[in-house]
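The block underneath contains the structure these notes are about, expressed in structure tokens.
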Amino acid sequence: MALDASGEITVGVDRVTAFAVVSDPVRLARCIPGCQELCEVAPNRYTAVLTSRVAFMTLRFNVTIDVVTIEPPATIEARITGDAVGLPGHVVATASVLLAETADRRTTIRYATTIGLTGRLGGLGQPVFRATSTKMAREFGENLKAEIERGRADRGSGTGDRGSGPA
């Protein structure tokens, strides 16, 4: 079973500034609903735990994220693979973020995921998973917009992030 989810947001910053957020794994992980325990294991390779509430269950996946394409300041693509915890099933996903600057120095960000679930998870009900993935894509877009605009507000007030966390 494959699920596609996508969305688009526009933020009030230039493309280079927006790309700095989407290319920072820690900041981007804060935007992904249910993403926890992000850990860099090699350049452009990370592990994480993803959790999601689907109908009456909370699903948990141990995943590996491989960044397969980085083209600053326009594109980032990743491949996500992993196994469900406590339930037979495997996830394989691709995720992409495309940035385009508008004439007024704003940036349009298009994001898309394709998620494949196998095993018992794949048979649980495509309509339920489709609704959940659409909701999560919308939450991701809202979170990303807030993260980018929070950075803009911090810079404007002179109290921005001073490198206190890992990059």
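Here the structure is a predicted model, which means the values were calculated and not measured.
Residues S133 and I115 approach most closely at CB-CD1, 4.5 Å, considering heavy atoms. Looking at every heavy atom in both residues, S23 comes nearest to P25 through O-CD, 3.3 Å. Of all heavy-atom pairs between A29 and C35, the closest is O-CB, 3.6 Å. When all heavy atoms are compared, the tightest approach of A78 to I65 is CB-CG2, 4.0 Å. Nearest heavy atoms, C31 versus L144: SG-CA, 3.6 Å. The two residues M136 and S52 make their nearest non-hydrogen contact at SD-OG, 3.3 Å.
Applying the side-chain hydrogen bond (donor to acceptor under 3.5 Å, both in side chains) definition to pairs two or more places apart or across chains, those involving residues 96-105 are T102-D104.
Between T64 atom OG1 and I80 atom CD1 the span is 10.5 Å, to the nearest 0.5 Å. Rounding to the nearest 0.5 Å places OG1 of T94 at 8.0 Å from CD of E77. Distance check, rounded to the nearest 0.5 Å: OG1 of T113 to CG of D4 gives 7.0 Å. How far OG1 of T75 is from CD1 of I70: 10.5 Å, rounded to the nearest 0.5 Å. Note that CD of E71 and CG of L98 are 9.5 Å apart. Values are rounded to the nearest 0.5 Å. The structure places CZ of R79 at 12.5 Å from OG1 of T69, a figure rounded to the nearest 0.5 Å.
Contacts of R15 classified as salt bridge (charged side-chain N to carboxylate O under 4.0 Å, His left out), with partners at least two apart in sequence or in another chain: none. Here A100 pairs with R110 under the side chain to side chain contact (heavy atoms under 4.5 Å, CB included) rule; sequence neighbours left out. The salt bridge (charged side-chain N to carboxylate O under 4.0 Å, His left out) check on R45 picks up D66, with sequence neighbours excluded. Listed by chain and number, the residues in a salt bridge (charged side-chain N to carboxylate O under 4.0 Å, His left out) with E139 are K135 (sequence neighbours excluded).
A donor-acceptor pair under 3.5 Å is formed between the side chain of T107 and the backbone N or O of V13. Side-chain atoms of Y111 never come within 3.5 Å of backbone atoms of A95 as a donor-acceptor pair (strictly under, hydrogens ignored). Between the side chain of K145 and the backbone N or O of V11 there is no donor-acceptor pair closer than 3.5 Å.
One hydrophobic cluster, built from ILVMFWY side chains closer than 4.5 Å, holds both L3 and V63. Residues F61 and V92 do not share a hydrophobic cluster, defined by chaining ILVMFWY side chains whose heavy atoms lie under 4.5 Å apart. When hydrophobic clusters are built by joining Ile, Leu, Val, Met, Phe, Trp and Tyr residues whose side-chain heavy atoms come closer than 4.5 Å, directly or via intermediates, V49 is not grouped with I32.
Counting only heavy atoms from C-beta outward, the side chains of L28 and F140 approach each other to under 4.5 Å. Within the 4.5 Å cutoff, side-chain heavy atoms of F19 are placed close to those of I76.
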Before giving the answer on side chain to side chain contact (heavy atoms under 4.5 Å, CB included), spell out for V97 and I109 the whole-Å C-alpha distance, their side-chain angles and the decisive distance to 0.1 Å. CA-CA 7 Å; V97 179; I109 302 172; 3.5 Å; yes

Validation: residues 83-90 side-chain donor-acceptor distances under 3.5 Å, sequence neighbours left out:
{"unit_1": "D83", "atom_1": "OD1", "unit_2": "H90", "atom_2": "ND1", "d": "2.7"}
{"unit_1": "H90", "atom_1": "ND1", "unit_2": "G82", "atom_2": "O", "d": "2.8"}

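Classification of R150 and E147 as a salt-bridged pair holds, one side-chain N sitting under 4.0 Å from a carboxylate O.
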